[in-house]
Amino acid sequence: MSDNSVEFELKVWGSWIENNIHYQGYPRDNILYRAYFKAGPPGRPGHKVLHDCPRPVRRVDKAVRRLSEAEQDAVVLWYCFPVNEENGKRYTKQEYAVELGISYEAFKKRLQRGRKSLRELLTV
C-alpha cells in the first residue's frame, strides 16, 4: 500500500472519529482522547465510538490499536483531533508534544513510526 493510500485511510478514519466522538458522549477535547481507547459500553470490549461505524473505519481502527501506546498517542492526536476548538486552527506537532509531555522530535518520531507500522498492517 502506498504512503498516499495509508494517509488517505488515516484521514478518513480520523475525520470519522472527530465528527462522531462527541455524539457518543465524549467531548471533542484532545485531553480526553484516551476515552476513545479505554471506554466501552458495559459488557462489550473496546470503546463505544466504533461499534456503529463504516467497515473501512473499523479496519483502520483495528490496525491503530495494534500500535504501541506511544505510537497510538501520536497517531490519534494527529488524525482524530487536528483542530483546536477554541481558535479553529490546526494543532502543531509542538503542541501535541507538550500535551504528551515529550519533545517535539519524540512526537515526530512516534508519528513516523506509527505511519510506517500502519503501512505494513494495512497491506495484509
Side-chain angles (χ1 to χ4, degrees):
M1 180 172 282
S2 73
D3 289 346
N4 289 340
S5 298
V6 170
E7 188 68 16
F8 176 78
E9 287 193 52
L10 284 167
K11 286 181 179 179
V12 169
W13 166 77
S15 177
W16 196 92
I17 298 296
E18 180 186 24
N19 292 328
N20 289 279
I21 198 164
H22 65 289
Y23 292 119
Q24 300 292 330
Y26 299 128
R28 291 174 66 178
D29 187 338
N30 69 321
I31 295 169
L32 298 177
Y33 79 96
R34 284 190 184 278
Y36 160 80
F37 286 108
K38 307 296 183 196
R44 290 178 73 179
H47 54 77
K48 64 183 179 180
V49 175
L50 292 177
H51 286 296
D52 298 318
C53 74
R55 180 168 277 144
V57 171
R58 204 171 318 123
R59 176 178 172 266
V60 173
D61 187 69
K62 285 180 183 180
V64 170
R65 289 170 162 276
R66 293 181 62 192
L67 299 175
S68 70
E69 187 174 339
E71 291 169 354
Q72 281 183 22
D73 287 346
V75 169
V76 169
L77 283 175
W78 188 252
Y79 290 99
C80 298
F81 300 95
V83 178
N84 183 330
E85 292 279 319
E86 293 175 14
N87 62 21
K89 294 182 181 178
R90 182 166 179 83
Y91 283 105
T92 65
K93 289 177 183 172
Q94 181 62 45
E95 290 172 311
Y96 288 134
V98 168
E99 184 66 38
L100 293 173
I102 59 176
S103 71
Y104 168 80
E105 286 301 318
F107 180 80
K108 213 167 108 175
K109 286 180 183 176
R110 289 177 183 187
L111 185 58
Q112 288 171 344
R113 281 193 320 261
R115 285 178 178 146
K116 182 180 179 195
S117 296
L118 287 167
R119 266 194 311 277
E120 294 168 8
L121 290 168
L122 292 171
T123 56
V124 176

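Scanning all heavy atoms of the two residues, the minimum distance from L118 to V64 falls at CD2-N, 3.7 Å. In plain terms, the two heavy atoms of L67 and Q72 that are nearest each other are O-NE2, 3.1 Å. Across C80 and E18, no two heavy atoms sit closer than the pair O-CB, 3.2 Å.
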Which donor-acceptor pairs under 3.5 Å do side chains of residues 105-115 form with protein atoms, sequence neighbours excluded?
{"from": "R113", "atom 1": "NE", "to": "E71", "atom 2": "OE2", "distance (Å)": "3.4"}
{"from": "R115", "atom 1": "NE", "to": "Y79", "atom 2": "OH", "distance (Å)": "2.8"}
{"from": "R115", "atom 1": "NH2", "to": "Y79", "atom 2": "OH", "distance (Å)": "3.3"}

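The aromatic rings of W78 and Y96 sit perpendicular to each other, their planes meeting at more than 60°, with 30° as the lower class boundary.
Residues F8 and V76 are members of one and the same hydrophobic cluster, defined by side-chain heavy-atom contacts under 4.5 angstrom among Ile, Leu, Val, Met, Phe, Trp and Tyr.
Atom CD of E95 sits about 11.0 Å away from atom CG of L77, to the nearest 0.5 Å. Distance CD/E7 to CD/E9: 11.0 Å, rounded to 0.5 Å.
Under the side chain to side chain donor-acceptor pair (under 3.5 Å) criterion, S103 pairs with no residue at all, not counting sequence neighbours. Remark: P54 pairs with W16, P56, V57 by the side chain to side chain contact (heavy atoms under 4.5 Å, CB included) rule, at least two apart or across chains.
Counting heavy atoms from C-beta outward, R59 and L122 have side chains that approach closer than 4.5 Å.
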